[in-house]
Each structure stands twice: as structure tokens, then as C-alpha cells.
Amino acid sequence: MRNLKVENNRKRSNFETEALPHMDAMLRTALRMTKDGSDAEDLVQETYAKAYRFWDKFEPGSNCRAWLFKIMTNIFINEYRSKSRSPVAASIEDIDDSYLYGQLAGMESTENPEQRLFAKILDDDVRKAIENLPDDFKLVAVLSFLEGFSYQEIAEIADLQLGTVKSRMHRGRKLLQKQLYNYAVTNGYIKEKAQ
Amino acid sequence: MNCEEARELLYEIIDKEASEVDARRVQEHIDKCRECFDIYRFEGAIQEFITRKLRDNRPSLRLEVLKSRVLAELATIDHPRAAKGRWPFSPFTRSLVAAAAAIIVVAVFLLGSDFVRESESFASLTELHRVATRTLDVFRDVGNTTGAIAFSREELTYAVAPHVSEFLLIGGCLEQFRGTQVGHFVYLDGLTTVSVFLVPADCIEMPPELVAGKVERDGITYFGHDCGGCRLMFHRLGSTLVVTATTEPSVDLVGFVPGQGAI
Ligand SMILES: [Zn+2]
């Protein structure tokens, strides 16, 4: 009984040292993924509870952060992912590569066309643009942009083929740029380019 | 390398996924090609902008509360079957326990944030109430409750009363705040709940606002504090700080001080 207790204490302190420091990153990603503060907290709590139960499956010395994100992604996909498919995905192919550049490049000959856009676009616009991406694209974009995971790490975390990660990143970017452009036009930061 | 090939590799370069060979070849191309250079510079700037905006988040009280929730859950995972079974309450009583959640979280916030430093955040209480309802299982657990009572007796020399006038003890648990073990008990009378927190007094510095508002009564010092419809009372009992909290104005919190009405 005493041994079990010692064992438990060691497991617990191990877990607290290795896993708990990643909570702010987990929460920040969860907030972007779920859009809802309470859901995000529930998601992170569930992730930690599950990680703790399976702590003996974690290989010491391997990447704990990636391991935690894998668990969280799994729970997110199974329990939190919005059920309704976004219809927007169908129109992605119509968006040109480097969409924003294409829209801004032709405007009055400013040296750095992005500067006036950056000056006007709000933090919330960027967050909204990310949050409004369809879940599949949002997941890889958040793991890459926000957490800096490599394509290979994302493939493992989200259980995807490397090629799928690449193509989702690509298409997610197009949508994101289109959205940012739309915000900029709607809010009057820039005038829509005459077609 | 031609323009088409250079564009093909654009995002792999920006995401630092391209091979060294490709990166070098792209570099050589954009050194010579103005148009590709502009696109690379633009896309790089956009990417940097988006990442910066996304990462820009303040450390939040939310994280503190979440941490305590997680630690509480880990504790229940460690001792799941030691005292299997729920505190025997009817579903009706249980829904009342949810009402206690508001108080729980208010007080938790105070403890978790050096008391009142960030008290302006109390505006978002509605959101927080839901957070607390998740932890109610922790209170209903007999093992947690008896464990918390034993801890309070042995470590904090505080005898947890099974009832205080009309208030009945619903349950309790141990929580961790900033490395300090805190006993947390919930009492219920009709629709009114009171939360009692027991904290080693030397771990916590009393905020000056509270010290300024102190009241002496029958040789005991009370520190009153009002926030968001919640009343808190702090008093020191030897080396233990007792924090009592309720949202009901008519409750006499003095009764929760041992020797002042508690049985
Ligand atoms: Zn070129």
C-alpha cells in the first residue's frame, strides 16, 4: 500500500513537471479551435485527465508537448468538432495563390502594399479569420502558425498523411487570405480592386 | 530555377519545411527576380503578422482556475476507489450544489490571484460559474470529503463542523493553489450556500484593502469584502486563515467561526 502511494506520488510529480507547463499553449490552441472559453477549458481539462491516465504510455525523453497535443486533437475531433460542414470549402479552388498579394499589388504604387493593411487590421480580425476556417484547415493552421509544429509533427498529431497536411495548409491559407481581404474591404481599410 | 518552380516552393520556404538545396535555389532565383522577391517578402510579412496577432495573448486568470481544476481532477484519479461512492444526496440537492459553484469560484479566484489584484475581472463571473460545476463531483466524493476533513484537523488544527446552525455540510475537498494545500468545504441551507476555505495563514499575504476594512467583534478580527454580489469574510484562527463566502446577504458568516455558533 505504501509502495503504491510512493509510486503514485512519483507519477504525479513527474506528470506535473513534464506536462503541466504546456497548459498555456494547450489553452491558447483550444481557445482558437473551439471559439468558446468554457469549451476550451473543458477540452484542456479532459486532455490532461486522459494524459494522466495514460502517463505510463508516454516515452520519457520524447516530445511531451506533441504527445499532449495529439491527445487533445483526438478529443477535439471526436467530441468538439462542429458537426455542420462548412460549405465554403468548395470554392477554395477559385481563389488564386497569393491572393492578398494579387489584390493589393495593383493598388497605388506603394512600396510595401501590406503595411497599410497591417496598420488597420485588428487582432480580432485575425482571430476571427482563423476561427472561421473549416475545422480541418483550422486545425493544421493553428498547429503550424500558433504552435510552430512542423508538417511532420502535425501529421502525427492529427493522424494525417504528410501530403494532406501540406494541401490543407495551402488551402487554409487561401481561405485565410481571402477572409482577411474581405474584412479589410468591409471595414473600409482598403477599397476593393476594380475588376 | 524558373518563376513557376519558385512559386511552387513559396509556403514550404515560409514554413521552413523546404530542403536546404531548395532553399538555396529559391534564394538564388529571388535575388535575380524582382517579382518573385516581392511575393516572398509579402507572404513572409503576412505570415509573421498573422502569427504575431495569434500569439498575442495575456496570461489569464482563466489559466489559474484551469490549473486548479486539473490538479483537483488528478487527485481524484489518484484515489478513485479508496472510498467509492457518492455523498448521498438527492438530485434536487445536487442541483443546489451547482448554486454553490458561483461562490466557490469567486473565492478560488481570490486565492489564486493574491486575492484582489485583478478583481476587475469579476465581471465575467457568469462564464466562470460553469467552470465550477465541473468540479462538483469532487465535493460529492466521500473519500475527498473525509480526506479534506482529516487534513484540516491534522495540518490546520481546524475542526470542520458537520453543520452550522441550519447549514449542513455537503462535502469538501483539497485544492492546490500556488503550491499551497487548501481545504474547501460547502454548506447548504435551503437555497443558500456557504463555502469555507481553510488556508495556512503564513502562505498568504492579506491585501491592504481588506486589512483596511477590518472589524473587531468579540475579540476576533473580521475582514469583509464585497464583489459581484458575493460576500467574503476572512478571519485568522491561529495559523489558519478561514475564508467564508456566500452570495446571500442575510447569512451571518460569523456563525461559521468555531466558538461563535458552530457546533
Ligand atoms: Zn521569378
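Per chain, numbering begins at 1; letters A, B, ... match sequence-line order.
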If you count heavy-atom pairs within less than 4.5 Å of chain B, which of A/Met23, A/Arg173, A/Lys11 leads?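 Of the options given, most contacts go to A/Arg173.
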Please examine the side chains of [Y] and [X], heavy atoms only from C-beta on, and report whether any two atoms are closer than 4.5 Å.
| X | Y | value |
| --- | --- | --- |
| A/Met169 | B/Glu17 | no |
| A/Ser144 | B/Tyr11 | no |
| B/Leu10 | A/Asp97 | no |

Non-hydrogen atoms of chain B under 4.5 Å away: do they reach the side chain of A/Glu147, the backbone, both or neither?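 Contact with chain B is through the backbone of A/Glu147 alone.
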Proximity of residues 149-168 of chain A to chain B, residues having a non-hydrogen atom under 4.5 angstrom: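 From residues 149-168 of chain A, the residues near chain B are A/Ser150, A/Tyr151, A/Lys166.
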If contact means a heavy atom pair closer than 4.5 Å, which residues of residues 49-59 of chain A contact chain B?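 The residues closer than 4.5 Å to chain B, in numerical order, are A/Ala49, A/Tyr52, A/Arg53.
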When you measure from the side chain of B/Arg55 to the backbone of A/Leu146, do you find a donor-acceptor pair of N or O atoms at a distance under 3.5 Å?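 Side chain of B/Arg55 to backbone of A/Leu146: a pair is present.
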To the nearest 0.5 Å, tell me how far B/Ile46 CD1 sits from A/Tyr101 OH.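 Reported value, rounded in 0.5 Å steps: 12.0 Å.
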Return the CG to CD distance between A/Leu100 and B/Glu43, rounded to the nearest 0.5 Å.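 Interatomic distance, A/Leu100 CG to B/Glu43 CD, rounded to 0.5 Å: 7.5 Å.
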B/Glu48, CD: over 12 other non-hydrogen atoms inside 6.0 angstrom: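 Yes, the 6.0 Å shell around CD holds more than 12 heavy atoms from other groups.
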Determine whether more than 12 heavy atoms belonging to other residues, nucleotides or ligands lie under 6.0 Å from atom CD of B/Glu5.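 Counting neighbours around CD of B/Glu5, more than 12 heavy atoms of other residues, nucleotides or ligands fall under 6.0 Å, so yes.
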Compare every heavy atom of B/Thr51 with every heavy atom of A/Phe145, then report the nearest pair and how far apart it is.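 Of all heavy-atom pairs spanning A/Phe145 and B/Thr51, the closest is O-CG2, 3.2 Å.
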